[in-house]
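Scroll down for the structure; my scribbles are underneath it.
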Number of protein chains: 2
Amino acid sequence: MDIKTKLIAAAERLFDRHGFTATGIDRLTQATGMSSRTLYKHAGSKTALIAAVLSERDRRFQRRLAVRSVDGLFAALGDWVRVEGSRGCLFLRAHGETGGDTPEIAAALSAHKEQLRERIRLIVINETGGENPALAEQILLLFEGATATAVYRGAPAVASARAAAATLVEQARS
Amino acid sequence: MDIKTKLIAAAERLFDRHGFTATGIDRLTQATGMSSRTLYKHAGSKTALIAAVLSERDRRFQRRLAVRSVDGLFAALGDWVRVEGSRGCLFLRAHGETGGDTPEIAAALSAHKEQLRERIRLIVINETGGENPALAEQILLLFEGATATAVYRGAPAVASARAAAATLVEQARS
DNA sequence: TGAAATGTAAAACGATCGTTTTACATCTGA
DNA sequence: TCAGATGTAAAACGATCGTTTTACATTTCA
């Protein structure tokens with residue numbers, strides 16, 4: 001595996017499990033077996049590493065969410081939670097830890113959520129045959145709710161969101 | 001104002017705006033105008049201060065959420081967001097920053113969410129005339145979703161959750 | 001009156017932060 | 001072959017972390 005890929009993967013894991021600020025550079029070098037010199041050669045800075053981690057996570061997230069139905073969306077989220085665990089949205093967590101004061105992180109959050117909203121917009125069009133911004137916003141709410149609630153309620157939270165979303169879609173159709 | 005009350009209030013504000021780890025002791029002494037000696041006399045440690053902040057926030061939160069209807073619940077959340085801002089659930093943020101490794105914080109999160117679930121359980125009983133765990137879980141999802149989404153979508157997220165909740169309640173009644 | 005309590009100001013504790021540097025080994029390619 | 005790139009190991013940078021301590025002023029109250 002490429003050295004930068006390995007670094008980003010290890011960083012994502014540590015940031016997700018222990019938090020961004022709580023994860024120091026020495027823990028990253030220790031986890032990857034590389035020197036701090038090499039780490040900085042490839043990452044530039046810790047902030048840039050965080051941005052790279054979020055960018056890579058966004059790619060993986062979007063790939064898994066490439067579905068066409070609302071039900072498929074929550075099925076995909078269920079898969080995500082089963083594979084990656086549920087410690088909350090990493091973008092919101094990064095934003096929260098820095099108070100929104102780090103432009104690179106704020107930009108990553110904004111881009112990620114914009115993509116998520118766009119995905120849901122397309123899914124809703126596919127489900128109901130046309131634009132329905134109100135329904136799309138409600139699906140987004142359930143998606144975010146499932147992500148947050150899964151932290152302390154586990155995978156069942158996603159199943160509940162899936163059921164609620166089905167009800168809202170059905171109601172919107174009639 | 002009592003010195004400990006002032007400390008907790010200032011700490012809550014700084015933790016909320018800039019994050020827990022990012023807020024150092026010196027920023028707290030500077031914000032309150034007290035010496036670090038006095039701060040430690042009253043707070044014990046930073047971890048204990050965080051726990052005290054969460055405890056106080058929980059009290060204020062529960063007081064504001066003392067309502068009897070689902071619509072009232074989201075109206076109250078809307079009030080909360082308008083008054084206190086929307087930077088996400090402070091309990092989940094504290095938990096995320098520490099990776100769940102700090103027992104006091106994990107306990108505060110657990111107690112807070114347990115209270116929230118109990119509140120919603122009672123509201124749902126009041127609305128539908130009996131226990132409805134499935135509906136209660138869905139209302140919880142919308143509540144958490146509104147809190148998370150309001151970080152980047154603002155107050156309208158709460159209004160959307162309110163509408164979605166109304167639909168789910170109506171559907172559960174028939 | 002005078003000891004205990006409570007506060008500020010400021011220095012100091014060792015630890016750790018993100019980052020850079022020095023020194024050296026190994027691989028790569030013209 | 002030999003220069004350049006790429007890596008590790010380890011020390012060092014100044015800054016900041018949470019916390020304790022020393023020294024001193026003020027208030028409280030029997």
Side-chain angles (χ1 to χ4, degrees), chain A residues 1-55 93-106 108, chain B residues 1-55 93-106 108:
Chain A
M1 197 186 340
D2 178 62
I3 224 173
K4 186 161 187 181
T5 306
K6 179 158 65 168
L7 170 59
I8 288 176
E12 181 179 349
R13 183 173 187 282
L14 288 172
F15 288 155
D16 187 37
R17 306 245 173 195
H18 305 291
F20 293 89
T21 316
T23 300
I25 298 293
D26 57 341
R27 280 179 87 171
L28 289 164
T29 58
Q30 176 182 330
T32 55
M34 72 182 60
S35 63
S36 64
R37 197 183 200 278
T38 303
L39 188 150
Y40 275 93
K41 183 85 173 299
H42 287 90
S45 69
K46 189 183 180 182
T47 298
L49 177 59
I50 292 175
V53 162
L54 293 180
S55 170
R93 287 173 60 197
H95 190 258
E97 281 205 30
T98 54
D101 297 332
T102 312
E104 297 95 320
I105 292 176
Chain B
M1 197 185 340
D2 179 62
I3 224 174
K4 184 160 188 181
T5 306
K6 178 157 67 168
L7 170 58
I8 289 176
E12 181 179 348
R13 184 173 187 281
L14 287 171
F15 289 155
D16 186 37
R17 306 247 171 193
H18 305 291
F20 294 88
T21 316
T23 301
I25 298 293
D26 58 340
R27 280 178 88 170
L28 289 164
T29 59
Q30 177 183 332
T32 55
M34 71 181 62
S35 64
S36 64
R37 198 182 199 276
T38 302
L39 188 151
Y40 274 93
K41 183 84 172 300
H42 288 89
S45 67
K46 188 183 180 182
T47 298
L49 177 58
I50 292 175
V53 162
L54 293 179
S55 169
R93 287 173 60 195
H95 190 258
E97 280 204 31
T98 54
D101 298 332
T102 311
E104 297 94 321
I105 293 175

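The sequence lines fix the lettering, A, B, ..., with proteins before strands; numbering per chain opens at 1.
- Minimum heavy-atom separation, A:Ala43 to A:Ala48: O-CB, 3.2 Å.
- Without hydrogens or angle criteria, B:Arg93 side chain to B:Asp16 main chain gives a donor-acceptor distance under 3.5 Å.
- Not a single donor-acceptor pair under 3.5 Å links the side chain of A:Ser55 to the backbone N or O of A:Ala51.
- When all heavy atoms are compared, the tightest approach of B:Glu97 to B:Thr21 is OE1-OG1, 2.6 Å.
- Only A:Ser36, A:Arg37, A:Tyr40, listed by number, bring a heavy atom of residues 27-41 of chain A to less than 4.0 angstrom from any atom of DNA chain C.
- Across all non-hydrogen atoms, the minimal contact from B:Ala11 to B:Val53 is CB-CG2, 3.7 Å.
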A:Leu49 and A:Leu28: side chain to side chain contact (heavy atoms under 4.5 Å, CB included), yes or no, with the steps? CA-CA 11 Å; A:Leu49 177 59; A:Leu28 289 164; 3.7 Å; yes
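- Put simply, chain B comes within 4.0 Å of DNA chain D, heavy atom to any atom, from D:dC17 to D:dA23, going 5' to 3'.
- Within the 4.0 angstrom heavy-atom criterion, only backbone atoms of the sugar-phosphate kind lie near A:Thr23; the bases stay farther away.
- Closest non-hydrogen pair, A:Lys46 versus A:Phe15, comes out as CE-CE2, 4.2 Å.
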Tell me, with the steps shown, if B:Thr38 and B:Thr32 meet side chain to side chain contact (heavy atoms under 4.5 Å, CB included). CA-CA 11 Å; B:Thr38 302; B:Thr32 55; over 6 Å; no
